[in-house]
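The first residue in the sequence is number 1, and the count goes up from there. Counting starts at 1 for both ligands and their atoms, in listed order. Side-chain atoms are counted along with the backbone in the values below, which use heavy atoms only and exclude waters and symmetry mates.
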Amino acid sequence: MRAINLGRIGVFVFLLVGASVAGAFHPDIYEPRVPPELLEELQDMDNPYPASPERIEAGRKIYFGKGLCVTCHSKNGKGVRLPGHSPRDFTELKWQELRTDGEMMWILRNGSPGTGMPVRVGKVISEEEGWNVIHFIRTFSQGN
Ligand code: HEC
């Protein structure tokens, strides 16, 4: 009886340590970064604006300008190395395929808890500017 209990505790501690290490470093860049209970809803959320050249250009201005995105995500979208948790590589095709506009919007509105990603929408840019910058982020997958 005692041995079984110790065994269970061991497994529990193992899971706990494993989860906290994964949580601290997010080694998997494909792992969703939004609260799990909102994932489905956010994946269904579409960008309300078309990816027109004007909107992509407006998004580019935000990225290099008042959004300050370039300071962490770098000119080419690959991101700069940051202590603790570096940004995703926006040029990574699989990441582009998996990550939806709705998930990105949640991150822009809330930041990415536990990382250096700050709140942007509602603080330094508007909702519409947020959707435009998401259109711009999509262009990194085309080698721009
Ligand atoms: C101070 C540094 C910093 C700034 C400024 C910043 N970011 Fe980030 N961003 C990060 C980091 C670090 C991550 C990685 C967090 C994570 O894994 O979710 C991140 C994550 C993201 C993600 C989510 C990636 C994913 O996998 O879902 C998006 C989208 C994003 N940033 C867009 C932007 C945009 C757009 C701007 C400008 C309006 C911006 N960021 C400004 C540091 C920054």
Side-chain angles (χ1 to χ4, degrees), residues 5-144:
N5 281 344
L6 282 178
R8 280 200 185 145
I9 290 167
V11 169
F12 180 69
V13 168
F14 177 78
L15 288 176
L16 207 71
V17 170
S20 64
V21 166
F25 298 105
H26 310 293
D28 182 357
I29 75 158
Y30 309 122
E31 184 192 316
R33 294 296 301 135
V34 298
E37 66 276 15
L38 297 178
L39 185 59
E40 211 175 311
E41 183 190 325
L42 292 168
Q43 285 180 335
D44 280 347
M45 185 190 283
D46 290 327
N47 196 318
Y49 302 105
S52 63
E54 294 75 25
R55 287 195 178 274
I56 292 172
E57 179 53 23
R60 198 186 64 81
K61 290 210 176 93
I62 297 289
Y63 188 92
F64 288 97
K66 69 176 172 181
L68 296 178
C69 323
V70 67
T71 54
C72 299
H73 292 282
S74 74
K75 274 188 192 165
N76 60 9
K78 285 181 174 290
V80 299
R81 281 214 143 275
L82 292 178
H85 190 340
S86 295
R88 311 305 199 200
D89 179 353
F90 290 155
T91 69
E92 166 68 67
L93 290 182
K94 192 176 162 197
W95 177 86
Q96 283 275 355
E97 258 172 51
L98 288 173
R99 197 64 88 242
T100 62
D101 287 13
E103 289 176 81
M104 289 202 219
M105 181 45 92
W106 188 90
I107 298 281
L108 290 179
R109 284 179 186 149
N110 300 283
S112 189
T115 79
M117 174 65 198
V119 174
R120 303 283 81 188
V121 165
K123 226 172 177 185
V124 289
I125 60 173
S126 68
E127 285 272 324
E128 186 172 350
E129 289 171 328
W131 290 116
N132 289 342
V133 82
I134 291 170
H135 280 319
F136 175 68
I137 287 175
R138 294 298 184 196
T139 66
F140 287 124
S141 65
Q142 296 147 21
N144 292 346

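The backbone N or O of Pro113 lies less than 3.5 Å from a partner atom in the side chain of Arg33, making a donor-acceptor pair. For the pair Arg138 (side chain) and Gln96 (backbone), a donor-acceptor distance under 3.5 Å is present. The backbone N or O of Leu82 sits less than 3.5 Å from a side-chain atom of Ser86, completing a donor-acceptor pair. A donor-acceptor pair is defined here as one N or O able to donate and one able to accept, closer than 3.5 Å; no such pair exists between the side chain of His73 and the backbone of Ile137. Of the possible polar contacts, none joining the Arg99 side chain to the Met104 backbone as a donor-acceptor pair under 3.5 Å is found.
If you number the atoms of ligand 1 from 1 as listed, the ones under 4.0 Å from a heavy atom of Leu82 come out as 12 (C). Atoms of ligand 1 lying under 4.0 Å from any heavy atom of Met104, numbered from 1 in the order shown and given with element: 29 (C). Listed by number with element, the atoms of ligand 1 under 4.0 angstrom from any heavy atom of Phe90 are 28 (C), 30 (C), 32 (C). The Cys69 neighbourhood of ligand 1 comprises atoms 34 (C), 35 (C), 36 (C), 37 (C), 38 (C), 39 (C), 41 (C), with distances under 4.0 Å to a heavy atom of that residue. Counting atoms of ligand 1 from 1 in the listed order, those under 4.0 Å from a heavy atom of Leu68 are 5 (C). Of all atoms in ligand 1, listed by their number and element, those nearer than 4.0 Å to a heavy atom of Leu108 are 32 (C), 33 (C), 34 (C), 35 (C). Listed by number with element, the atoms of ligand 1 under 4.0 Å from a non-hydrogen atom of Gly116 are 1 (C), 2 (C). For ligand 1, the atoms lying closer than 4.0 Å to a non-hydrogen atom of Cys72 are 1 (C), 2 (C), 3 (C), 4 (C), 5 (C), 42 (C), 43 (C).
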Quick one: do Glu57 and Arg60 satisfy salt bridge (Lys or Arg N to Asp or Glu O under 4.0 Å)? Show the steps, please. CA-CA 5 Å; Glu57 179 53 23; Arg60 198 186 64 81; 3.1 Å; yes
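For Glu37, the CD atom counts as densely surrounded, since its 6.0 Å shell holds more than 12 non-hydrogen atoms of other residues, nucleotides or ligands.
The shortest heavy-atom contact between Ser141 and Leu93 is O-CD2, 3.4 Å.
Considering backbone and side-chain N/O of Tyr63, none are found under 3.5 Å from N/O of ligand 1. An N or O contact shorter than 3.5 Å is missing between Thr71 and ligand 1 by distance. In terms of polar-atom proximity, Thr115 is not counted as a contact of ligand 1, lacking any N or O under 3.5 Å from an N or O of the ligand. Among the atoms of Arg120, none of the N or O lies under 3.5 angstrom from an N or O of ligand 1. Taking any N or O of Ser86, backbone or side chain, none lies under 3.5 Å from an N or O belonging to ligand 1.
Of the candidates Glu31, Arg99, Met117, the one placing a heavy atom closest to atom 25 (C) of ligand 1 is Arg99.
Contact annotation for Pro118 and ligand 1: only side-chain heavy atoms (C-beta onward) come within less than 4.0 Å of the ligand. If you look at Trp106 next to ligand 1, there are no close heavy atoms at all, none under 4.0 Å. Residue Ile137 touches ligand 1 through its side chain alone, judged by heavy-atom distances below 4.0 Å.
Heavy-atom separations between Glu103 and ligand 1 are all 4.0 Å or longer. Distances from ligand 1 to the non-hydrogen atoms of Phe136 include no value under 4.0 Å.
The structure places CD of Glu31 at 11.0 Å from CD1 of Ile29, a figure rounded to the nearest 0.5 Å.
Among the backbone and side-chain atoms of His73, an N, O or S atom lies under 2.8 Å from atom 8 (Fe) of ligand 1.
For Tyr30, the side-chain hydrogen bond (donor to acceptor under 3.5 Å, both in side chains) partners two or more places apart in sequence, or in a different chain, are Glu92. In this view, Thr100 and Gln43, Glu103 satisfy the side chain to side chain contact (heavy atoms under 4.5 Å, CB included) rule, not counting sequence neighbours.
Relative ring orientation between Phe136 and Phe64 is described as perpendicular, the plane-to-plane angle rising above 60° on a 0-90° scale split at 30° and 60°.
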